[in-house]
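Below: one structure, written as structure tokens.
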Amino acid sequence: MYSFWIIFKQAFKTKAMTKSFMITTLVVVASFFLLANLPSIIESFSGDDDSQQTLQVLDGTGQSTEALQAQLSQQDSTIQLEASKLSEQQLKTEVEEGNIDAYLVLEDEDQLSARYVAESATDSAEAAELENALQSLQTATVAEQLELEETELARLFAPVAMEREALVESSKSQEELSQARGLVYILIMVIYIAVIYYPNMIAMEVANEKSSRVMEILISSVSPVKHMFAKIAGIGTLGILQMMTFALAGYLAIQSSGSDLTEGIFSVMGFSEVKFSTFFYAILFFLLGYFLYAVLAALLGSLVSRTEDVQQLMLPMMILIIIASFIAFSGISMPEATYVTVASYIPFFAPLVMFLRVGLLDIPLWEPLLSIAIMLSTIGLLGWFGARVYRGGVLMYGSSQSLKDIRRAIKLGNEK
């Protein structure tokens with residue numbers, strides 16, 4: 001057991017102290033704080049420009065500017081309208097020279113119309129505010145012409161009352177789905193990245209030790225099976241600590257921004273009311289997915305002698321992860337689909353797909369338990385098979401770029 005912990009610490013420390021790992025961790029942590037405080041950063045750089053925006057108006061109606069300004073004030077807009085004394089050609093010149101950002105032309109033919117002229121069509125925030133105010137103004141004008149009362153106008157534009165009721169017991173309400181969908185989407189992304197990044201790290205580490213001939217010294221004192229599982233446990237622990245670091249950084253970043261998870265993007269993503277079980281299943285399926293793909297990655301990494309060959313042999317595993325992610329992301333909009341249900345019991349897809357189902361559906365407890373049992377059985381079977389391949393694979397040198405070398409590795413391991 002002492003040799004196991006030696007290799008465990010060596011795998012953990014070697015990867016933790018690499019520049020790429022530390023830089024990646026720092027960049028992700030910094031990104032969390034940057035994104036959480038991005039609105040205040042943008043506001044600080046914009047200075048007083050957004051506090052009051054003056055927009056030149058060519059009013060062809062002769063009376064719409066004041067009414068439009070009143071509508072903007074009701075919408076708490078910062079746009080201030082100013083009747084222009086210049087011609088439209090002069091205003092165009094002013095925009096082209098950068099003296100003003102845009103101008104507005106109001107016309108009245110059969111109904112009120114407007115043209116918003118700016119140097120770039122990408123500056124749509126101000127135009128959207130103006131469009132909303134113009135729509136309200138047009139509605140009020142037509143109502144006045146038709147002699148509609150306020151109560152009649154309110155009834156005319158009252159939204160229809162529509163509720164969604166699900167007869168399937170496993171289906172959550174629309175409100176519950178909205179609250180869970182955002183977090184499930186992000187956690188699926190985390191699991192997806194983790195089951196690619198950390199197992200690939202194991203394969204590269206094994207291949208690197210073989211290419212430097214360090215493996216020959218290690219195998220002479222430690223059994224290949226113990227070496228494989230020590231590598232998996234060491235890098236797995238490193239991955240857990242890195243994910244905990246990211247989670248803590250994300251929480252602190254949100255706290256530093258002063259958000260209560262109910263405003264801005266958080267109101268859309270539904271972070272304010274999340275069940276504890278969702279986090280529990282996220283951690284559980286992260287660990288199961290990691291160990292499943294880590295054993296497979298160690299097996300494949302033992303077959304190559306050069307780090308350049310790792311990616312080619314890892315391609316089948318990458319394809320499995322990509323297919324699982326496609327199923328999971330497409331299933332976010334329809335988690336009750338048959339193909340999603342079937343895929344959630346396939347061990348290589350279950351870490352992403354079954355987590356999707358438990359996050360978005362009220363399914364019976366036996367379903368995730370069955371999927372977990374299948375995954376544990378697969379990990380055990382793959383661990384037994386992977387140990388046999390690993391025992392011979394670490395002793396194989398030379399060019400190895402085919403999965404056919406698995407048979408040769410097993411044969412070599414039996415002779416050892």
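The basis for the numbers below is simple: all heavy atoms, side chains too, and nothing from hydrogens, waters or symmetry mates.
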Is a side-chain donor or acceptor of Tyr345 paired with a backbone partner of Pro368 at a separation under 3.5 angstrom? no

Output, in order, the C-alpha distance, side-chain angles, deciding distance and verdict of side chain to side chain contact (heavy atoms under 4.5 Å, CB included) for Ile240 and Tyr290. CA-CA 10 Å; Ile240 292 172; Tyr290 165 75; over 6 Å; no

Donor-acceptor pair, side chain of Ser371 and main chain of Ser344, under 3.5 angstrom: yes

Side chains of Leu238 and Tyr198: does their closest heavy-atom pair fall under 4.5 Å? no

Does any non-hydrogen side-chain atom of Gln10 lie less than 4.5 Å from one of Lys231? yes

Working to the nearest 0.5 Å, report the span between NZ of Lys19 and CG of Leu26. 13.5 Å

Correct closest heavy-atom pair for Ala324 and Val353 would be O-CG2, 4.0 Å

Can you list the residues that meet the side-chain hydrogen bond (donor to acceptor under 3.5 Å, both in side chains) rule with Tyr103, with sequence neighbours excluded? Glu88

Taken to the nearest 0.5 Å, the spacing of Thr341 OG1 from Ile363 CD1 works out to 8.5 Å

With a 4.5 Å heavy-atom cut-off, do Val105 and Val57 have their side chains touching? no

For Thr237, enumerate each residue passing the side-chain hydrogen bond (donor to acceptor under 3.5 Å, both in side chains) test, keeping only those at least two apart in sequence or located in another chain. none

Sequence neighbours left out, what pairs pass salt bridge (Lys or Arg N to Asp or Glu O under 4.0 Å) with at least one residue falling in residues 288-303? none

List in chain and number order the residues that pass ring pair (Phe, Tyr, Trp, His ring centres under 6.0 Å) with Phe329, two or more places apart in sequence or in another chain; answer none if no residue qualifies. Tyr185

Heavy-atom count check: over 12 atoms from other residues, nucleotides or ligands less than 6.0 Å from Phe326 CZ? no

Ile374 side, atom CD1; Leu288 side, atom CG - distance, nearest 0.5 Å: 12.0 Å

Partners of Tyr192 by ring pair (Phe, Tyr, Trp, His ring centres under 6.0 Å), sequence neighbours excluded? none

Distance, nearest 0.5 Å, that separates CG of Leu284 from CG of Leu287: 7.0 Å

Return the CD1 to NZ distance between Ile235 and Lys15, rounded to the nearest 0.5 Å. 6.0 Å

Counting C-beta onward and ignoring hydrogens, is there a side-chain heavy-atom pair between Met334 and Val340 closer than 4.5 Å? no

Results of ring pair (Phe, Tyr, Trp, His ring centres under 6.0 Å) for Trp5 - residues two or more places apart only: Phe8

Mind checking what makes salt bridge (charged side-chain N to carboxylate O under 4.0 Å, His left out) contact with Glu367, not counting sequence neighbours? Arg357

So Leu352 and Ser325, do their side chains get closer than 4.5 Å, heavy atoms only? yes

Side chain proximity check, Phe291 to Met375, heavy atoms < 4.5 angstrom: no

side-chain contact (heavy atoms from CB on, under 4.5 Å) filter on Ala282, not counting sequence neighbours, yields Leu187, Phe355

Has Tyr116 got a side-chain atom pairing as donor or acceptor with Ala102's backbone, closer than 3.5 angstrom? no

pair Val190-Phe246: side-chain heavy atoms closer than 4.5 Å: no

Identify the two heavy atoms, one from Pro351 and one from Gly289, that lie closest to each other, and give their separation to 0.1 Å. CG-CA, 3.6 Å

Closer than 3.5 angstrom, by distance alone: can the side chain of Ser330 be matched with the main-chain N or O of Ile327 as a donor-acceptor pair? yes

Taking side-chain contact (heavy atoms from CB on, under 4.5 Å) as the definition, give me every residue that meets it alongside Leu315, ordered by chain and number, with sequence neighbours left out. Ile319

At their closest point, which heavy atom of Phe32 faces which heavy atom of Ala253, and how far apart are they? O-CB, 3.6 Å

Residue pairs passing the side chain to side chain donor-acceptor pair (under 3.5 Å) test with at least one member in residues 20-29, sequence neighbours excluded, are Thr25-Gln242

Residues passing the side-chain contact (heavy atoms from CB on, under 4.5 Å) test with Thr93, sequence neighbours excluded, are Gln89, Glu97

For Leu320, enumerate each residue passing the side-chain contact (heavy atoms from CB on, under 4.5 Å) test, keeping only those at least two apart in sequence or located in another chain. Tyr293, Phe348, Phe349

When every non-hydrogen atom of Met317 is compared with those of Pro199, the smallest separation belongs to CE-CB, 4.1 Å

Would you compute the distance between atom CD1 of Ile232 and atom CD1 of Ile379 and round it to the nearest 0.5 angstrom? 10.0 Å

